[in-house]
Amino acid sequence: MKTLAIDVFPCRSDNFGVLLHDPDSGLTASIDAPEEAPIVAAAEARGWTITHIFTTHHHTDHVDANLALKERYGCEIIGPVNEAVAIPGLDRTVADGDEFLFGEHPVRVYETPGHTAGHVCYSFPEDKLLFAADTLFALGCGRLFERPAADMWHSLQKLCVLPDETAIYFGHEYTLSNARFAITIDPDNEVLQRRLRQIEELRAEGKFTIPTMMGLEKETNPFLRVADPAIRRNLLMEGASNEEVFAEIRKRKDNFK
């Protein structure tokens with residue numbers, strides 16, 4: 001099989017648009033559909049025809065272009081069964097553990113409730129790709145709008161079993177803010193210190209911070225490092241549960257300026 005081609009481009013104010021193309025079958029998937037014009041422009045620039053939309057959750061900034069793209073291309077919209085009533089134009093539902101093929105490339109679905117009640121992520125295990133939308137960001141995780149912190153912690157643990165070499169594509173360019181927050185939680189982490197400097201340089205040059213790698217997130221993302229003794233000492237939570245530490249970090253991020 002040929003390698004999947006990926007195109008990343010800005011949408012709305014801080015969303016990422018992502019197109020995934022299989023050269024063997026000619027299939028092209030839009031990961032979510034935040035905004036019609038940039039998605040269409042990216043597809044036309046590449047000469048790709050959008051055949052699928054892989055919807056991760058129901059928020060407007062991820063489904064706004066569903067119907068317009070479906071009318072233009074006749075594409076199939078796939079999305080989480082637990083948010084089916086809220087996703088425009090949905091054709092096929094998926095649930096935790098479901099597997100299907102994109103061309104000849106296996107796809108596995110992970111339900112990751114937290115940001116929303118039915119959020120899903122799409123993993124391409126043979127390609128070492130994860131499309132995590134608003135569950136897992138570079139150095140962060142999604143705000144908890146519909147489910148409690150314990151649920152999001154459990155969702156992140158599902159994703160952490162993926163290989164360190166997995167490239168993670170996320171939904172928004174929040175990385176600089178996430179990095180500046182992370183250093184307040186884990187100030188002595190030298191890998192994080194270097195990463196913060198690199199992110200500052202990238203953003204100063206107008207460059208994206210996507211994708212990130214699972215191994216790097218395990219080393220630097222405080223939301224995945226709640227068991228680390230240094231983080232627990234900094235939070236004065238050495239005897240707390242993982243879920244309690246995670247909830248405290250999420251609360252601090254919500255109030256971080």
Side-chain angles (χ1 to χ4, degrees), residues 16 56 110-116 119-121 123 125 128-203 208-257:
F16 284 119
T56 61
Y110 290 87
E111 282 184 1
T112 55
H115 182 67
T116 66
H119 196 299
V120 299
C121 300
S123 168
K128 292 186 169 58
L129 297 172
L130 175 68
F131 297 94
D134 289 5
T135 292
L136 177 60
F137 293 110
L139 291 167
C141 73
R143 281 181 178 265
L144 306 178
F145 289 120
E146 297 181 9
R147 295 291 285 271
D151 287 0
M152 179 64 102
W153 170 248
H154 178 68
S155 294
L156 293 174
Q157 296 315 290
K158 288 183 181 181
L159 302 182
C160 281
V161 303
L162 296 172
D164 287 353
E165 300 79 18
T166 302
I168 303 168
Y169 288 81
F170 43 91
H172 297 268
E173 183 57 87
Y174 295 159
T175 308
L176 181 55
S177 174
N178 288 345
R180 289 172 173 167
F181 169 74
I183 205 73
T184 70
I185 299 296
D186 197 9
D188 299 321
N189 184 331
E190 293 182 358
V191 180
L192 176 57
Q193 292 169 8
R194 290 195 298 272
R195 191 176 183 195
L196 172 57
R197 292 193 293 270
Q198 293 166 352
I199 290 165
E200 288 174 333
E201 291 173 1
L202 285 172
R203 297 306 295 146
F208 296 152
T209 61
I210 190 173
T212 185
M213 304 299 291
M214 183 62 77
L216 183 59
E217 292 308 306
K218 291 177 184 177
E219 287 187 286
T220 56
N221 188 330
F223 293 99
L224 304 184
R225 292 172 47 75
V226 302
D228 183 83
I231 289 177
R232 286 169 166 262
R233 285 195 300 271
N234 291 334
L235 296 175
L236 303 178
M237 298 184 72
E238 292 172 279
S241 68
N242 286 337
E243 290 84 355
E244 289 169 335
V245 176
F246 175 84
E248 175 65 20
I249 295 173
R250 183 63 258 178
K251 183 174 71 174
R252 292 189 182 208
K253 180 61 171 68
D254 291 343
N255 297 314
F256 181 74
K257 303 298 184 183

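Applying the salt bridge (Lys or Arg N to Asp or Glu O under 4.0 Å) rule to D228 yields the partners R225; only residues at least two apart in sequence or on another chain are considered. Contacts of E146 classified as side-chain hydrogen bond (donor to acceptor under 3.5 Å, both in side chains), with partners at least two apart in sequence or in another chain: H58. Under the side-chain hydrogen bond (donor to acceptor under 3.5 Å, both in side chains) criterion, T212 pairs with R195, E217, sequence neighbours left out. By the side-chain hydrogen bond (donor to acceptor under 3.5 Å, both in side chains) test, R147 pairs with D151, sequence neighbours left out. Considering only residues two or more places apart in sequence or on other chains, Y169 meets the side-chain hydrogen bond (donor to acceptor under 3.5 Å, both in side chains) condition with none of them. Every residue meeting the side-chain contact (heavy atoms from CB on, under 4.5 Å) condition with A149, not counting sequence neighbours, appears here in chain and number order: L144, F246, A247. Qualifying side-chain contact (heavy atoms from CB on, under 4.5 Å) partners for S177, counting only residues two or more places apart in sequence or in other chains: K253, F256. A search for salt bridge (Lys or Arg N to Asp or Glu O under 4.0 Å) contacts involving K158 returns D96, not counting sequence neighbours. Checked against salt bridge (Lys or Arg N to Asp or Glu O under 4.0 Å), R197 has no partners two or more places apart in sequence or in another chain. By the side-chain contact (heavy atoms from CB on, under 4.5 Å) test, I183 is found to be paired with L192, Q193, L196, residues two or more places apart in sequence or in another chain being considered. Applying the side-chain contact (heavy atoms from CB on, under 4.5 Å) test to E165 and every residue at least two apart in sequence or in another chain returns K128, P163.
Using a 4.5 Å cut-off on side-chain heavy atoms (C-beta onward), H172 and D134 make contact. Between F145 and T116, every side-chain heavy-atom pair lies at or beyond the 4.5 Å cut-off. Taking the side chain as every heavy atom from C-beta outward, I168 and L136 approach each other to under 4.5 Å. Considering only heavy atoms from C-beta on, D164 stays 4.5 Å or farther from M213 through its side chain. Considering only heavy atoms from C-beta on, V226 stays 4.5 Å or farther from I231 through its side chain. Inter-residue side-chain proximity for I185 and N234 is flagged as unmet; no heavy-atom pair is nearer than 4.5 Å.
Inspection of the Q157 and S155 side chains reveals no N or O donor paired with an N or O acceptor under 3.5 Å.
Between L129 and T166, the shortest heavy-atom distance links the atoms C-CG2, 3.9 Å. The two residues V245 and A240 come nearest to each other via the heavy atoms CG2-CB, 3.9 Å. Pairing each heavy atom of P222 with each of I249, the nearest pair is O-CD1, 3.7 Å. Contact detail for C141 and F223: the closest heavy-atom pair is SG-CD2, 3.6 Å. Taking each heavy atom of L159 and T135 in turn, the nearest pair found is CD1-CG2, 3.9 Å. Nearest heavy-atom pair, L162 versus Y110, reported as atom, atom and distance to 0.1 Å: CD2-OH, 3.6 Å.
Ring-centre distance between F208 and F16: below the 6.0 Å cut-off.
Pairs of residues two or more places apart, or lying in two chains, that qualify as salt bridge (Lys or Arg N to Asp or Glu O under 4.0 Å) and include a residue from residues 229-248 are E248-K251, E248-R252.
Rounding to the nearest 0.5 angstrom, the gap separating the NE2 atom in H154 from the CE atom in M152 is 12.5 Å. Atom CD of residue E190 and atom OG1 of residue T220 lie 13.5 Å apart, to the nearest 0.5 angstrom. Taking OG1 of T209 as the start and CD of E173 as the end, the distance is 3.5 Å to the nearest 0.5 Å.
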- Message: Could you walk me through whether I210 and F170 satisfy the side chain to side chain contact (heavy atoms under 4.5 Å, CB included) test, starting with their C-alpha distance in whole Å, then the side-chain angles of each, then the deciding distance to 0.1 Å, before giving a yes or no?
- Response: CA-CA 7 Å; I210 190 173; F170 43 91; 3.8 Å; yes

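Between H115 and H119, the angle of the ring planes goes over 60°, which puts this pair in the perpendicular group of the 30/60° scheme.
D188 places no side-chain N or O within donor-acceptor distance of the main-chain N or O of A230, the cut-off being under 3.5 Å.
Screening L216, I199, L176 against L139 for a side chain to side chain contact (heavy atoms under 4.5 Å, CB included) leaves a single residue, I199.
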